[in-house]
Amino acid sequence: GKMEHNGDEPDEDERPPLPKKEKLTSENPLPQKTGQSGIKIHKAPPKCADFLVSNLEDFYRPYPAFRQPLEVGSFSFDSHGKLLLDRSGLRHYAQPSKLGLDLKVGYSAYKTKLHQSPDLNNILTWISHRWQCFLPKLRGQRSIDGLIADDVKPDSTPSLASNQSPIDTKFHLRPDNLLTDFICWRGLMTKLLCTPYNKSEPWKLAAVLHHGTIYLRELDTAERNERELNMSSREKQMSYWGLKFEDYMTSKDSPSSTSSSTPQDKSGTINPLESFCTVVRTRLNSHSMVMCGEVDCYDHLSREKPPLNYIELKTNRFIYTDRNKASFKKNKLLKWWAQSFLVGVPKIICGFRDDEGIVNNLQPFRTIDIPRECQSDLSLWQASVCLNFLDELLNWMKATVTNDDLQMVYIIEWTKPFTHISATHQLSTPDTVVLHDWYLNKQEPLTPKSQPPSPPQN
């Protein structure tokens, strides 16, 4: 279900300043040796060359090329958390007629969903059913970048639940080469993009190379598990507040039937499992990537096609002081920009709340304008630094993740003292497995637990 943490967070204090002057390099490991028969001989040391992250001046360059993300598909999760290959989970934006929204409503009955680091199971299931999205386009069209999603056309055939695989889905016909460099959740790519300005939050991922594509799976860090265990009741409640704000601001009914004159009942609790995810294809310089990310809602009055009609919803504490404002720009706006930019969501609406969880003020942000709002003070952050950094990091990953032995995984991590990103090559375990056997063998996807299919929704 919900794959990316989207709740409100307590405001952070200022981060420590970046360490001074050390040269950044991205070293390439030695090229692989090839035996007489052309078969690769792997003498890969378990420890690979580090990617040093210390001197950001190396990234003060113009923006690298980034292609407008294109939606190639989508999927939903129903109230039981069951994956559906349709758009039933997508809600539309429905701003309440008056503010004073109490984000505490329904919390007492809310069943906290424990954080799970998203594995790639749902993405791999989607790929297994929708691999046609990865085929090269017809003669005369240059590449697969530009395919229109098969499930966006409003009059397409009725959606099928994931357990009724369409007759024409031949899982075993999926091509080996998906013509894509990286596949992952958008939440992980957001963390990679923000790394140059993050000296306090570790991240860890498992990477494997399969038929030319590097699949990335986020792993839990010890710090995250500890924070989860020690969450105060206040922090738990605040993560609910973000979800409740989404509930107030969106509707599942068809847009025509909800007029602002009939306010919806929002007094109930919310189900954190129901959600909608977009699948986008984009390219950063030479790196093609397919990412899945959760979408809060769409603007039914917009004439744009997805993802340009999507809206991201956020909450934040009212900004009372200049220090609050600098912290907001430095910590929140960087993450908000990165998260929406990567999947092409053009608009973010923030509900500003007081300490009692009451929202009295809404402010829209255009994703494209956020870097400029933070540009006035270069010490905060620069989007071009993030994108140039990510481009180099993905180059380093391509040079590091070269062994396609699927018994092994590359564990790549960013942790204290936050001076370098390290990679080790080790045996895969159930906790670090990236690709499941059914996917590797091109079989029908295995659903984790069988649940009764949900009633069809239009």
Side-chain angles (χ1 to χ4, degrees), residues 2-15 63 66 68-69 93 95 103 185-198 200-201 203 218 238-239 241-246 248-250 275-278 280 282 284 291-299 307-319 323-353 359 361-387 389-390:
K2 292 269 182 190
M3 282 304 166
E4 298 171 303
H5 174 73
N6 212 9
D8 197 340
E9 303 160 17
D11 286 333
E12 303 153 53
D13 272 313
E14 299 298 325
R15 297 245 165 97
Y63 279 89
F66 184 81
Q68 170 64 41
Y93 182 70
Q95 188 176 317
L103 302 179
W185 281 101
R186 179 265 314 267
L188 175 57
M189 197 61 81
T190 301
K191 289 181 180 176
L192 304 186
L193 184 58
C194 296
T195 301
Y197 297 103
N198 163 21
S200 61
E201 289 175 33
W203 52 254
E218 185 171 357
M238 286 171 75
S239 65
W241 288 0
L243 297 171
K244 187 63 192 175
F245 180 65
E246 293 171 21
Y248 277 122
M249 302 295 290
T250 61
S275 55
F276 169 82
C277 291
T278 180
V280 301
T282 184
L284 171 64
M291 290 176 284
C292 300
E294 199 180 316
V295 174
D296 292 334
C297 60
Y298 76 102
D299 177 359
L308 291 174
N309 60 353
Y310 290 156
I311 297 174
E312 174 69 29
L313 300 171
K314 296 290 187 194
T315 53
N316 199 74
R317 185 171 176 253
F318 270 119
I319 291 172
R323 182 173 170 162
N324 288 160
K325 191 171 188 175
S327 173
F328 172 69
K329 285 184 171 182
K330 183 175 183 179
N331 300 315
K332 294 288 178 79
L333 283 184
L334 168 58
K335 288 178 187 166
W336 293 4
W337 165 79
Q339 180 192 30
S340 287
F341 177 82
L342 282 169
V343 291
V345 172
K347 188 176 182 181
I348 300 166
I349 294 175
C350 177
F352 283 99
R353 57 160 180 84
V359 172
N361 182 10
L362 299 178
Q363 186 180 346
F365 293 88
R366 282 179 60 207
T367 307
I368 199 168
D369 293 337
I370 290 176
R372 224 170 303 145
E373 290 189 32
C374 300
Q375 198 85 46
S376 52
D377 184 352
L378 290 184
S379 67
L380 292 176
W381 58 272
Q382 290 189 75
S384 56
V385 168
C386 295
L387 288 162
F389 168 87
L390 181 60

Item to check | Contact check, side chains of Cys374 and Leu334, non-hydrogen atoms, under 4.5 Å | outcome: no
Next on the checklist: The criterion is side-chain hydrogen bond (donor to acceptor under 3.5 Å, both in side chains); which residues satisfy it with Thr278, sequence neighbours excluded?
Outcome noted: Glu71
Checklist entry - What do the steps show when you test Phe245 against Asp296 for side chain to side chain contact (heavy atoms under 4.5 Å, CB included), and what is the final call? => result CA-CA 11 Å; Phe245 180 65; Asp296 292 334; over 6 Å; no
Checklist entry - Which pair of heavy atoms, one from Phe389 and one from Pro196, lies closest together, and at what distance? => result CG-CG, 3.4 Å
Next on the checklist: Is there a side-chain contact between Gln68 and Leu308 in this structure, where contact means two heavy atoms from C-beta onward sitting under 4.5 Å apart?
Outcome noted: yes
Next on the checklist: Using side-chain heavy atoms (C-beta onward) and a distance below 4.5 Å, is Phe328 in contact with Arg317?
Outcome noted: no
Checklist entry - Out of curiosity, Thr190 OG1 to Leu342 CG, how far, rounded to the nearest 0.5 Å? => result 5.0 Å
Checklist entry - Measuring from Asn324:CG to Lys332:NZ, what's the distance to the nearest 0.5 Å? => result 10.5 Å
Checklist entry - What is the distance from atom CZ of Arg372 to atom CH2 of Trp337, rounded to the nearest 0.5 Å? => result 13.0 Å
Checklist entry - NZ/Lys314 to CD1/Ile349 distance, rounded to the nearest 0.5 angstrom? => result 13.0 Å
Checklist entry - With no hydrogens and no angle check, is any side-chain donor or acceptor of Thr367 less than 3.5 Å from a backbone partner on Pro346? => result yes
Checklist entry - Sequence neighbours excluded, which residues qualify as ring pair (Phe, Tyr, Trp, His ring centres under 6.0 Å) partners of Phe66? => result Phe341
Item to check | Parallel, tilted or perpendicular, as decided by the 30° and 60° cut-offs, for the rings of Phe352 and Phe318 | outcome: parallel
Checklist entry - Once you round to the nearest 0.5 Å, how far does CG of Leu333 lie from CZ of Phe365? => result 5.5 Å
Item to check | Any side-chain heavy-atom pair of Trp241 and Val359 under 4.5 Å | outcome: no
Next on the checklist: Set out, in order, the CA-CA distance, both residues' side-chain angles and the distance that settles side chain to side chain contact (heavy atoms under 4.5 Å, CB included) for Leu390 and Met189, then state yes or no.
Outcome noted: CA-CA 9 Å; Leu390 181 60; Met189 197 61 81; 3.9 Å; yes
Checklist outcome for this item: For Arg186 and Gln339, the nearest pair of non-hydrogen atoms, with its separation, is NH1-O, 2.9 Å
Checklist entry - Is there a donor-acceptor contact under 3.5 Å from the side chain of Ser327 to the main chain of Arg323? => result no
Checklist entry - Can you find a pair of side-chain heavy atoms, one from Ile348 and one from Ile370, that are under 4.5 Å apart? => result yes
Checklist outcome for this item: Closest heavy-atom pair, Lys335 versus Asn331, reported as atoms and distance to 0.1 Å, is CG-O, 3.6 Å
Next on the checklist: Between Lys347 (side chain only) and Pro364 (backbone N and O only), is there a donor and an acceptor less than 3.5 Å apart?
Outcome noted: no
Checklist entry - Are any non-hydrogen side-chain atoms of Cys194 and Trp381 less than 4.5 angstrom apart? => result no
Next on the checklist: Could you work out, with side-chain hydrogen bond (donor to acceptor under 3.5 Å, both in side chains) as the rule, every residue matching Tyr93, not counting sequence neighbours?
Outcome noted: Gln95
Checklist outcome for this item: Rounding to 0.5 Å, atoms CH2 (Trp185) and SG (Cys277) come to a distance of 4.0 Å
